Amino acid sequence: SSGLPFVINTWGGPFTAATDAAYLALVNGTAATALDAVEVGCTTCEANQCDGSVGYGGSPDESCETTLDALIMDGATFAAGAVANLRRVRSAVGVARAVMEHTAHTLLAGDQATAFAVQNGFVEEDISTPDSRAACAEWRAAACQPNYRVAVSPDASVSCGPYTPLQVDNTTSAQTQASHD
Amino acid sequence: TISMIAIDASGAMAAATSTNGASHKVPGRVGDGPIVGSGSYVDGEVGGCGATGDGDIMMRFLPCYQAVESLRRGLTPQEAADDAVARMVRKFPTISSGIVVVDNQGRHGGAGSGWTFTYAYRGGVMNETVVVSVPPI
């Protein structure tokens, strides 16, 4: 161990800005707690978009929309808050903290999570970017490849939708390698 | 995906994860990021964990819960990380995964599969962040 305070996170490169932000917030006292520090770190990554896998304008879905997932957890109290499929709000970890602090729930999802975010002072806005719209357009131009749909018609490995379900063989488990979180 | 664990000067711990998920996912899909014990997990009595990778698979294994419980049973952070990844690789040999594990003293380790996973840390009086590269299991 290098001693306390201490911050550690997945990935290097652009993600080290988040490491530094969280660490310096603890050292400088702008983060009063470890909980504040991880929020500062993840918020930094969301604002910077890190490598494109965090924050607005990344990983568009089939409909070209960017949605966000986030979780925050207090190691002392086991309090936790999370948002899933958060739409049209940039500060996912901030909304997760609001879920933790202003509800007795752990996870809110989708449009209702967006409504909760707005109720708690977060701004609802378009979180796609020219880059994310272009990535989605390129995906559609490439016959929607790679693709997570399985056992559908038309064959999702070569065609875009709309899709209808086919008979499923439950003896095997589908594992696609199209992308990752 | 960023998944982060912090320990403040008093030893209090917290964890968080933020992600925009997988590109070209089916609308409505949610991965491992916001799932307690999967995207991250922390128990200040023991340590914390953060994860990234193929969330559709990883969320079935709760690798961060597994890793923190392994710390509780006496494994080192490196052993706990290796064990959690190995459990997923055993069932899904081609999975892309990465987890970082830290105990409540700041001792840390990482493990991954399917790619060269990296993690970053800074603590004590370090002047800059250090990045660790982890060869795949």
Side-chain angles (χ1 to χ4, degrees), chain A residues 1-12 15-16 18-20 22-23 26 33-35 37-39 41-42 45-46 50 53-55 58-63 66-76 80 82-85 92-93 106-107 139 146-148 175 177-181, chain B residues 1-9 11-36 39-44 48 50-55 57 92 94 96 98 100 102 105-108 118-126 129 131:
Chain A
S1 172
S2 51
L4 304 183
F6 187 84
V7 174
I8 191 166
N9 58 266
T10 52
W11 302 118
F15 292 78
T16 59
T19 323
D20 290 335
Y23 171 81
L26 283 172
T33 64
L35 201 62
V38 293
E39 182 179 1
C42 288
C45 212
E46 290 170 352
C50 277
S53 68
V54 181
S59 303
D61 66 17
E62 286 181 350
S63 302
T66 294
T67 57
L68 305 179
D69 303 331
L71 162 68
I72 191 165
M73 184 173 186
D74 185 329
V83 288
N85 192 31
V93 75
T106 300
L107 173 62
W139 178 75
N147 195 299
Y148 286 98
Q175 184 188 12
Q177 294 289 319
S179 180
H180 59 79
D181 295 82
Chain B
T1 301
I2 184 167
S3 188
M4 172 179 282
I5 307 102
I7 315 173
D8 68 22
M13 298 187 75
T17 300
S18 184
T19 182
N20 51 35
S23 294
H24 318 306
K25 55 188 169 285
V26 177
R29 177 267 193 189
V30 174
D32 61 332
I35 307 301
V36 176
S40 54
Y41 193 67
V42 60
D43 180 344
T52 184
D54 184 348
I57 302 300
F92 295 93
T94 62
S96 295
V100 60
V102 59
Q105 302 301 307
R107 292 180 287 255
H108 53 88
T118 60
Y119 69 88
Y121 71 94
R122 186 171 177 182
V125 294
M126 290 170 63
T129 291
V131 176

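Each chain gets a letter, A, B and so on, in the order the sequences are listed, and its residues count up from 1. Just so it is clear, the structure is predicted and the values come from calculations on it, not from any experiment.
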(request) In sequence, state the C-alpha distance, the side-chain angles, and the governing distance for A:Thr19 and A:Asn9, and then conclude on side-chain hydrogen bond (donor to acceptor under 3.5 Å, both in side chains). (result) CA-CA 7 Å; A:Thr19 323; A:Asn9 58 266; 2.5 Å; yes
(request) Tell me, for A:Leu35 versus chain B, whether the close heavy atoms (under 4.5 Å) come from the side chain, the backbone, both or neither. (result) both
(request) Tell me, for A:Ala22 versus chain B, whether the close heavy atoms (under 4.5 Å) come from the side chain, the backbone, both or neither. (result) side chain
(message) Let me confirm one number: the CG-CG distance from A:Asp181 to B:Asp54, rounded to the nearest 0.5 Å.
(response) 7.0 Å
(message) At a 4.5 Å cut-off on heavy atoms, which part of A:Leu107 comes close to chain B: side chain, backbone, both, or neither?
(response) side chain
(message) Please classify the contact of A:Ala92 with chain B as side chain, backbone, both or neither, using a heavy-atom distance under 4.5 Å.
(response) side chain
(request) Tell me, for A:Ala18 versus chain B, whether the close heavy atoms (under 4.5 Å) come from the side chain, the backbone, both or neither. (result) both
(request) State the CD1-CD1 distance between A:Ile8 and B:Ile5, to the nearest 0.5 angstrom. (result) 6.0 Å
(request) Mind checking the OG1-CE spacing from A:Thr10 to B:Met4? Nearest 0.5 Å is all I need. (result) 8.0 Å
(request) Give the ring-plane orientation class for B:His108 versus A:Phe6, where under 30° counts as parallel, over 60° as perpendicular and anything between as tilted. (result) parallel
(message) Just by distance, no angles: are the side chains of B:Thr17 and B:Ser40 close enough, under 3.5 Å, to form a donor-acceptor pair?
(response) yes
(request) Could you tell me which of A:Val83, A:Leu68, A:Val54 has the largest number of non-hydrogen atom pairs under 4.5 Å with chain B? (result) A:Val54
(request) Specify which of B:Lys25, B:His24, B:Arg107 makes the most heavy-atom pairs with chain A at under 4.5 Å. (result) B:His24
(request) Could you check which of B:Val36, B:Val100, B:Thr52 has the highest count of heavy-atom pairs closer than 4.5 Å to chain A? (result) B:Thr52
(message) Between A:Asp69 (side chain only) and B:Gly33 (backbone N and O only), is there a donor and an acceptor less than 3.5 Å apart?
(response) no
(message) Quick check on the interface: out of B:Ser3, B:Gly28, B:Gly11, who has the most heavy-atom pairs with chain A under 4.5 Å?
(response) B:Ser3
(message) With a 3.5 Å distance limit and no angle check, can you tell me whether B:Tyr41 reaches the backbone of A:Met73 through a side-chain donor-acceptor pair?
(response) no
(message) What part of A:Thr66 gets within 4.5 angstrom of chain B, counting heavy atoms only: side chain, backbone, both, or neither?
(response) side chain
(message) Using modelled atom types and a 3.5 Å cut-off, is there a donor and acceptor pairing between side-chain atoms of A:Glu46 and backbone atoms of A:Val93?
(response) yes
(request) Select, from A:Asn85, A:Thr33, A:Asp74, the one with the greatest count of heavy-atom pairs under 4.5 Å involving chain B. (result) A:Asn85
(message) Which one wins on heavy-atom pair count under 4.5 Å against chain A: B:Ala9, B:Ala15, B:Gly31?
(response) B:Ala15
(message) I'd like to verify something: which residue of B:Val102, B:Val26, B:Val125, B:Ile35 has the highest number of heavy-atom pairs under 4.5 Å with chain A?
(response) B:Val26
(message) Salt bridge or not between B:Arg122 and A:Asp20? Use side-chain N to carboxylate O under 4.0 Å.
(response) yes
(message) Using a 4.5 angstrom heavy-atom cutoff, name the option from A:Ser59, A:Cys45, A:Gly3, A:Gly75 with the most pairs to chain B.
(response) A:Ser59
(request) Determine the option with the most heavy-atom pairs under 4.5 angstrom with chain B, choosing from A:Ser63, A:Ala82, A:Ser2. (result) A:Ser2
(message) So which residue, A:Gly41, A:Ala37, A:Pro60, ends up with the most heavy-atom pairs under 4.5 Å with chain B?
(response) A:Pro60
(message) If I measure from the heavy atoms of chain A, does B:Val42 come under 4.5 Å with its side chain, its backbone, both, or neither?
(response) both
(message) Counting heavy-atom pairs closer than 4.5 Å to chain A, which one of B:Ala6, B:Ala12, B:Pro34 comes out on top?
(response) B:Pro34
(request) Any chance you could measure A:Thr16, atom OG1, to B:Tyr119, atom OH, to the nearest 0.5 Å? (result) 15.0 Å
(request) Please determine, among A:Thr106, A:Asp61, A:Thr67, the option with the most heavy-atom pairs under 4.5 Å with chain B. (result) A:Asp61
(request) Kindly say whether A:Pro146 contributes a backbone atom to a donor-acceptor pair with the side chain of A:Trp139 at under 3.5 angstrom? (result) yes
